[in-house]
Amino acid sequence: QVQLVESGGGVVQTGGSLRLSCAASGDTVRPYCMAWFRRAPGKEREGVGIIGGSGGTAYADSAKGRFTISRDNAENTLYLQMNSLSPADTAMYYCAAGRMTACYSASWRQGLSFGYWGQGTQVTVSS
């Protein structure tokens, strides 16, 4: 069992940056595929980025070039550095953990391969 707790959300102006953290407990995250998802008001949940055990990453088109996902297995923590934020990035952001095979799934953005979820941290980007 893995428990995930996100932090670092808040209100930021357009063009600003935020760094989200996801602290894991209950088990080491080393063998897990880790990911960030978000859900904007009135929209479906969408995958933002994933990271495998060796550090390989993949991103949604909306995140490429602006967001960076990283993990510190020693600290059991996942991060999401978000730059050049816009109001379209306003959402609740969730971290998730799943079997490593999830990182090789073409449909990872749907989130169905992830069994552990945090409660989310709100990111609001003002115009």
Side-chain angles (χ1 to χ4, degrees):
Q1 290 283 343
V2 177
Q3 291 81 46
L4 303 171
V5 178
E6 303 92 338
S7 62
V11 180
V12 64
Q13 291 187 331
T14 295
S17 298
L18 279 176
R19 188 192 195 203
L20 306 184
S21 299
C22 172
S25 61
D27 194 6
T28 174
V29 297
R30 189 179 301 274
Y32 290 94
C33 176
M34 303 295 293
W36 286 98
F37 290 80
R38 68 185 183 186
R39 187 194 297 273
K43 294 187 177 181
E44 297 287 323
R45 182 185 65 196
E46 63 174 354
V48 175
I50 54 172
I51 184 167
S54 60
T57 58
Y59 297 93
D61 288 344
S62 59
K64 288 178 182 177
R66 299 187 303 126
F67 293 4
T68 302
I69 188 170
S70 60
R71 63 192 293 166
D72 186 333
N73 290 332
E75 295 295 326
N76 239 22
T77 302
L78 178 72
Y79 300 100
L80 182 67
Q81 177 67 42
M82 303 187 295
N83 300 325
S84 302
L85 287 163
S86 74
D89 297 311
T90 294
M92 184 73 78
Y93 283 73
Y94 302 88
C95 69
R99 294 184 177 185
M100 198 55 74
T101 51
C103 275
Y104 300 97
S105 170
S107 60
W108 67 267
R109 293 194 64 199
Q110 297 178 21
L112 300 178
S113 300
F114 295 87
Y116 302 102
W117 295 82
Q119 293 189 324
T121 185
Q122 178 67 39
V123 172
T124 302
V125 185
S126 62
S127 57

Check the pair Leu80, Thr68 against side-chain contact (heavy atoms from CB on, under 4.5 Å), reporting the backbone distance first and the verdict last. CA-CA 6 Å; Leu80 182 67; Thr68 302; over 6 Å; no
Chi angles and distances behind the side-chain contact (heavy atoms from CB on, under 4.5 Å) call for Leu20, Trp36: CA-CA 10 Å; Leu20 306 184; Trp36 286 98; 3.7 Å; yes
Run the salt bridge (charged side-chain N to carboxylate O under 4.0 Å, His left out) check on Arg39 and Glu46 step by step: do they pass? CA-CA 6 Å; Arg39 187 194 297 273; Glu46 63 174 354; over 6 Å; no
Can you list the steps and then say if Trp108 with Thr101 is a side-chain contact (heavy atoms from CB on, under 4.5 Å)? CA-CA 10 Å; Trp108 67 267; Thr101 51; over 6 Å; no
Assess the residue pair Asp27 and Tyr32 against the criterion (side chain to side chain donor-acceptor pair (under 3.5 Å)); give the C-alpha distance rounded to whole Å, side-chain angles, the decisive distance to 0.1 Å, and a yes or no. CA-CA 10 Å; Asp27 194 6; Tyr32 290 94; 3.2 Å; yes
Applying side-chain contact (heavy atoms from CB on, under 4.5 Å) to Tyr94 and Gln119, what does each step give before you reach the verdict? CA-CA 7 Å; Tyr94 302 88; Gln119 293 189 324; 5.8 Å; no
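Arg19 forms a cation-pi arrangement with Tyr79, by the criterion of a distance under 6.0 Å to the ring centre and an angle within 45° of the ring axis.
Of all heavy-atom pairs spanning Thr77 and Ser21, the tightest one is CG2-CB, 4.4 Å. Residue Phe114 comes nearest to Gly98 through the heavy atom pair CD2-N, 3.6 Å, listed as atom of the first residue, atom of the second, then distance. For Ala24 against Leu4, the heavy-atom pair with the smallest separation is CB-CD2, 3.7 Å. In terms of heavy-atom proximity, Leu78 sits nearest to Ile51 at CD1-CG2, 3.6 Å. Scanning both residues, Arg71 and Val29, for their nearest heavy atoms gives NH2-O, 2.6 Å. Of all non-hydrogen atoms in Thr14 and Ser127, the two that sit nearest each other are OG1-CA, 3.5 Å.
Taking OG of Ser7 as the start and OH of Tyr93 as the end, the distance is 15.0 Å to the nearest 0.5 Å. If you take NZ on Lys64 and OH on Tyr59, they are separated by 11.0 Å, rounding to the nearest 0.5 Å. With values rounded to the nearest 0.5 angstrom, Glu44 atom CD is found 10.5 Å from Gln110 atom CD.
With hydrogens and angles disregarded, a donor-acceptor distance shorter than 3.5 Å links the side chain of Arg66 to the backbone of Ser84. Asp72 places a side-chain N or O within donor-acceptor distance of the main-chain N or O of Glu75, the cut-off being under 3.5 Å. Within the 3.5 Å criterion, the main-chain N or O of Ala102 finds no donor-acceptor partner in the side chain of Ser113. Here the side chain of Glu6 pairs no donor or acceptor atom with the backbone of Cys22 at under 3.5 angstrom. Checking side-chain atoms of Arg99 against main-chain N and O of Cys33 turns up no donor-acceptor pair under 3.5 Å.
Side-chain contact between Thr124 and Gln122 is present, with at least one heavy-atom pair separated by less than 4.5 Å. Contact of the Val125 side chain with the Pro87 side chain is registered, since non-hydrogen atoms from C-beta on lie closer than 4.5 Å. The shortest distance between side-chain heavy atoms of Ile69 and Met34 does not fall below 4.5 Å. Put simply, the side chain of Leu18 reaches to within 4.5 Å of the side chain of Val123, judged on heavy atoms.
Tracing side-chain contacts under 4.5 Å through hydrophobic residues (I, L, V, M, F, W, Y), one never reaches Val48 starting from Ile50; they form parts of separate clusters. Criterion: ILVMFWY side-chain heavy atoms under 4.5 Å apart, direct or through other members. Under it, Tyr116 and Met100 are not part of a common hydrophobic cluster.
Residue-environment remark: CD (Gln81) exceeds the threshold of 12 foreign heavy atoms within 6.0 Å.
Ring orientation note: the planes of Trp117 and Phe37 are tilted relative to one another, at an angle of 30° to 60°.
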